[in-house]
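Taking it in order: structure first as structure tokens, then the write-up.
Whatever order the structure lists them in is the order used to number ligands and atoms, beginning at 1. Values reported hereafter were calculated over all heavy atoms of this structure, with side chains retained and with hydrogens, waters and symmetry mates removed.
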Amino acid sequence: MADSINRLGLNEAFGNDSTPLPLFQRWIAEAGESEPNDPTAFALATVDAVGQPSVRMLLLKGATEAGFVFYTNMNSRKAEELRTNPRASMCFHWKQLRRQVRISGSVTLVSDADADTYFASRDHASKVGAWASLQSSAMSSRGEFEQRVEEYRAKYPEGSVVPRPPHWSGWLLQPSEVEFWLNADARLHERLVYTAQADDVWQQQLLYP
Ligand SMILES: Cc1cc2nc3c(=O)[nH]c(=O)nc-3n(C[C@H](O)[C@H](O)[C@H](O)COP(=O)(O)O)c2cc1C
């Protein structure tokens with residue numbers, strides 16, 4: 001299977017891997033060198049109970065054989081939608097590199113231990129913000145939010161241990177499909193899609209641009 005990419009005559013930027021993770025890791029590392037900000041940013045699409053899609057930007061916090069990890073407020077719209085329909089799609093676009101990666105699959109919650117470890121790594125202001133924000137709920141004024149931030153700053157002063165809020169955790173997206181897109185002249189772009197088969201085997205397929 002690994003030789004098939006070369007046989008397909010793709011740009012060498014695609015490499016020659018039998019699974020999508022190594023290529024994803026190379027491309028996101030290259031984005032880290034080239035993008036002016038947020039190289040880990042991606043659009044996350046979710047779908048609600050009546051099939052209405054919704055998309056928003058998030059930051060990727062992990063990419064391993066197990067899947068792709070992001071963190072958020074568990075009372076948010078996205079979390080509500082993921083509980084209702086635990087399938088999602090991610091789309092990365094790196095403007096400097098003119099590359100896109102599109103990933104779809106099913107999601108599960110990360111472990112409390114993993115969420116605790118990541119939350120502890122955040123800076124103090126972000127931890128306080130996670131307590132203060134009722135993400136995606138209606139807010140009567142900006143002042144209401146600022147007051148909540150002040151209250152949590154007083155409760156958890158700089159230098160104190162800020163516990164992870166019970167409503168804040170992460171999701172792991174286990175991919176069933178990962179598509180790599182590379183810009184080419186005259187819109188003759190290159191697309192390679194990996195589709196998960198049984199037993200961790202991935203099928204590779206070219207798509208017309
Ligand atoms: C570049 C960028 C990165 C973001 N990263 C996150 C993130 O990692 N987690 C998060 O909850 N919201 C993040 N946001 C905010 C979300 O886009 C969104 O406004 C928020 O999560 C509420 O979405 P929801 O109402 O669909 O749940 C980010 C926004 C931008 C523009």
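In plain terms, the two heavy atoms of Ile28 and Pro39 that are nearest each other are CG1-O, 4.0 Å.
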Check the pair Leu206, Leu192 against side chain to side chain contact (heavy atoms under 4.5 Å, CB included), reporting the backbone distance first and the verdict last. CA-CA 5 Å; Leu206 297 190; Leu192 170 66; 4.0 Å; yes

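Between the side chains of Lys78 and Ser54, no donor-acceptor pair is found at a separation under 3.5 Å.
Separation of the Phe92 and Phe24 ring centroids falls under the 6.0 Å cut-off.
If you look at ligand 1, the protein residues with a non-hydrogen atom under 4.0 Å away are Asp38, Arg56, Met57, Leu58, Leu59, Tyr71, Thr72, Ser76, Arg77, Lys78, Gln135, Ser136.
In this structure, Arg99 satisfies the cation-pi test against Trp27, with its NZ or CZ atom closer than 6.0 Å to the six-membered ring centre and inside 45 degrees of the ring normal.
In this structure, Asp48 has no side-chain hydrogen bond (donor to acceptor under 3.5 Å, both in side chains) partners at least two apart in sequence or on a different chain.
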